[in-house]
Novice: 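Handing you this structure, nothing more for now.
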There are 2 protein chains.
Amino acid sequence: MASRIPVPGGPVRGSRSGKPIMALFDLLGRSWALGVIWQLSGGPLTFRQLQESCEQVSPTVLNRRIKELTSSGLMERGDKGYRLTVAGAELFELLRPMGAWSKSWAHNLSCDEHGDRMRDRK
Amino acid sequence: MASRIPVPGGPVRGSRSGKPIMALFDLLGRSWALGVIWQLSGGPLTFRQLQESCEQVSPTVLNRRIKELTSSGLMERGDKGYRLTVAGAELFELLRPMGAWSKSWAHNLSCDEHGDRMRDRK
DNA sequence: ATAAAATGCTACGGAAAATGTAGCAAGGGA
DNA sequence: TCCCTTGCTACATTTTCCGTAGCATTTTAT
């Protein structure tokens with residue numbers, strides 16, 4: 001059980017540095033952690049709504065992410081469901097531009113792959 | 001073996017949406033993916049340097065991340081070692097502010113915990 | 001009031017990923 | 001030649017994730 005929750009200042013999934021950025025990366029480097037924050041940015045969601053909006057992530061994992069993100073002060077439980085805290089909303093603002101960026105990334109990637117196919121063809 | 005690499009448009013670790021942001025989150029939501037990008041932002045690093053700067057991450061995982069990040073166009077291999085591509089550098093620019101943010105997050109977190117301890121004491 | 005549905009969550013077994021250690025082939029340099 | 005570095009694979013163990021089932025409690029409908 002246990003499942004260490006990355007806290008800045010403490011050791012982090014094999015890391016002993018405790019550097020805040022590494023603790024943050026460890027926290028966000030788990031399945032659906034970024035997705036949960038992303039989905040909650042639209043407003044509070046219940047457990048099942050959250051699960052649904054995260055492509056039916058298994059309740060086991062969702063519950064774990066909820067505990068981790070809660071105990072690290074990024075989300076909390078209100079009466080309308082789970083929601084981002086102030087800190088969580090701040091972090092989302094840093095994440096937000098990735099939405100647009102990921103689209104052009106996707107576009108360029110598929111172009112490159114197309115290029116590869118064309119090249120392979122010769 | 002296999003180990004699916006998240007490509008926007010394709011299914012993503014249990015996800016079928018293929019939304020670019022979800023593909024990106026899946027790619028970054030793996031151990032050390034964010035860390036590798038972060039470390040490479042300082043300039044090219046050899047395999048062993050990278051491993052060292054990532055808290056001695058195991059070569060197995062490092063190699064996997066390298067393949068994933070390479071095939072998704074975020075890093076590449078030059079003659080001075082591994083380095084970020086233009087796209088990778090762009091993504092890092094979006095990540096960069098997290099460095100400062102994580103510090104204040106760490107600060108507030110430890111204050112809150114201190115508050116908890118004080119409250120528990122009564 | 002009571003049946004039906006939704007909600008938050010735990011249990012469990014199996015698959016996949018991460019860890020840690022060992023070590024090998026290729027390429028210098030002395 | 002011997003030695004050292006570099007990039008990487010092998011392998012066994014531990015951890016995490018997934019998918020399904022289901023349970024207790026609260027809410028909604030009748």
Side-chain angles (χ1 to χ4, degrees), chain A residues 1-6 10-17 22-23 25-36 39-40 43-72 75-83, chain B residues 1-7 10-17 22-23 25-37 39-40 43-72 75-83:
Chain A
M1 250 270 165
S3 113
R4 284 168 307 106
I5 296 176
V12 178
R13 190 150 54 167
S15 160
R16 239 117 252 100
S17 79
M22 288 302 153
F25 282 173
D26 184 26
L27 185 65
L28 300 181
R30 300 177 177 204
S31 66
W32 291 109
L34 288 162
V36 165
Q39 299 296 346
L40 285 184
L45 292 174
T46 68
F47 188 94
R48 301 232 173 180
Q49 286 173 328
L50 195 49
Q51 187 183 7
E52 203 173 349
S53 67
C54 289
E55 313 275 345
Q56 301 296 346
V57 55
S58 82
T60 318
V61 173
L62 179 56
N63 199 29
R64 214 172 265 191
R65 289 303 92 84
I66 286 175
K67 278 172 186 157
E68 291 165 1
L69 294 174
T70 297
S71 86
S72 50
M75 58 179 284
E76 64 191 353
R77 192 175 177 177
D79 42 352
K80 286 174 208 146
Y82 294 103
R83 65 186 178 197
Chain B
M1 257 275 160
S3 114
R4 284 171 305 105
I5 296 175
V7 175
V12 178
R13 192 153 53 168
S15 158
R16 238 121 253 99
S17 79
M22 288 303 151
F25 282 173
D26 183 26
L27 185 64
L28 301 181
R30 300 178 176 202
S31 67
W32 293 109
L34 288 162
V36 164
I37 294 174
Q39 300 296 347
L40 285 184
L45 292 174
T46 67
F47 187 93
R48 303 234 169 177
Q49 285 173 329
L50 195 48
Q51 186 183 10
E52 204 173 349
S53 67
C54 287
E55 313 276 344
Q56 301 296 344
V57 55
S58 82
T60 319
V61 173
L62 178 56
N63 198 30
R64 218 172 261 190
R65 289 302 92 84
I66 287 175
K67 278 172 187 159
E68 291 165 2
L69 294 174
T70 297
S71 87
S72 50
M75 60 180 281
E76 63 191 355
R77 192 173 178 178
D79 42 352
K80 285 174 209 148
Y82 294 103
R83 65 187 179 197

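In what follows, every chain begins at residue 1, and chains take the letters A, B, ... in the order their sequences are listed. Here the structure is a predicted model, which is why all the values come from computation and not from measurement.
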Novice: To the nearest angstrom, how far is Lys67(A) atom NZ from dG8(C) atom C1'?
Specialist: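 Checked: the NZ to C1' distance equals 11 Å.
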Novice: Looking at every heavy atom in both Leu62(B) and Phe47(B), which two are closest together, and how far apart are they?
Specialist: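 That would be CD2-O, 3.6 Å.
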Novice: What is the separation between atom CD on Glu68(B) and atom P on dA18(C), rounded to the nearest whole Å?
Specialist: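 Whole-Å distance recorded here is 7 Å.
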Novice: Output yes when at least one side-chain N/O atom of Arg65(B) is less than 4.0 Å from OP1 or OP2 of dA18(C), else no.
Specialist: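 For dA18(C), OP1/OP2 do have a side-chain N/O of Arg65(B) under 4.0 Å.
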Novice: State whether Thr60(A) places a side-chain N or O below 4.0 Å from either non-bridging phosphate oxygen (OP1 or OP2) of dC17(D).
Specialist: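 The answer is no; no side-chain N or O of Thr60(A) sits under 4.0 Å from OP1 or OP2.
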Novice: Considering just the side-chain nitrogens and oxygens of Asn63(B), establish if one lies under 4.0 Å of OP1 or OP2 belonging to dG7(D).
Specialist: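 Answer is no, no contact under 4.0 Å.
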Novice: Could you tell me how far apart Phe25(A) (CZ) and dA18(C) (P) are, to the nearest whole angstrom?
Specialist: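 So the CZ-P distance, Phe25(A) to dA18(C), works out to 17 Å.
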Novice: Please examine the side chains of Met75(B) and Ile37(B), heavy atoms only from C-beta on, and report whether any two atoms are closer than 4.5 Å.
Specialist: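 SC-SC contact between Ile37(B) and Met75(B) ruled out.
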Novice: So do the side chains of Val61(B) and Ser31(B) get within less than 4.5 Å of each other, counting heavy atoms only?
Specialist: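 Answer yes - side chains close enough.
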Novice: Which part of the nucleic acid does Ser58(A) contact within heavy-atom distance under 4.0 Å: base, sugar-phosphate only, or nothing?
Specialist: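 Contact class for Ser58(A): base.
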Novice: How many angstroms lie between CG in Leu34(A) and CD in Gln39(A), if you round to the nearest 0.5 Å?
Specialist: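 One gets 11.5 Å once the value is rounded to the nearest 0.5 Å.
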Novice: Quick one: is Thr46(B) getting a side-chain N or O under 4.0 Å of the dT5(D) phosphate, OP1 or OP2?
Specialist: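 Indeed not, no polar side-chain atom of Thr46(B) lies that close.
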Novice: Kindly point out which of dA22(C), dC18(D), dC9(C) is positioned nearest to the side chain of Val57(A)?
Specialist: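 Ranking dA22(C), dC18(D), dC9(C) by closest atom to the Val57(A) side chain puts dC18(D) first.
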Novice: To the nearest angstrom, how far is Trp32(B) atom CH2 from dA17(C) atom C1'?
Specialist: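 Those two atoms, CH2 and C1', are 16 Å apart.
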Novice: Which heavy atom of Lys80(A) sits nearest a heavy atom of Pro44(A), and at what distance?
Specialist: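 That closest heavy-atom pairing would be O-CB, 3.7 Å.
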Novice: Nearest whole angstrom, please: distance from the C1' of dT7(C) to the CZ of Arg77(A).
Specialist: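 Interatomic distance, CZ of Arg77(A) to C1' of dT7(C): 9 Å.
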Novice: May I ask you to evaluate whether Tyr82(B) reaches the phosphate of dC8(D), defined as a side-chain N or O under 4.0 Å from OP1 or OP2?
Specialist: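 So the side chain of Tyr82(B) is within the cut-off, an N or O lying under 4.0 Å from OP1 or OP2 of dC8(D).
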Novice: On DNA chain C, nearest-nucleotide positions of Gln51(A) versus Gln56(B): which is more 5'?
Specialist: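 Going by which nucleotide is closer to the 5' end, it is Gln51(A).
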Novice: Check this one for me: any side-chain N or O of Arg64(A) less than 4.0 Å away from OP1 or OP2 of dT15(D)?
Specialist: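 For Arg64(A), the contact criterion (side-chain N or O under 4.0 Å from OP1 or OP2 of dT15(D)) is not met.
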Novice: In whole angstrom, give the distance that lies between atom CD of Glu55(B) and atom P of dT19(C).
Specialist: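 Rounded to whole Å, this separation is 12 Å.
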Novice: Indicate whether OP1 or OP2 belonging to dA5(C) is found under 4.0 Å from a side-chain N or O atom of Arg48(A).
Specialist: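 No, outside the criterion.
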Novice: Quick one: is Lys80(A) getting a side-chain N or O under 4.0 Å of the dT7(C) phosphate, OP1 or OP2?
Specialist: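 Checking Lys80(A) against dT7(C): no side-chain N or O falls below 4.0 Å of OP1 or OP2.
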Novice: Measure CD/Gln49(B) against P/dT6(D) and give the value in whole Å, please.
Specialist: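 So the two atoms are 7 Å apart, to the nearest Å.
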Novice: Starting at atom CG of Leu45(A), determine the distance to atom C1' of dA6(C), rounded to an integer number of angstrom.
Specialist: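 Result: 16 Å.
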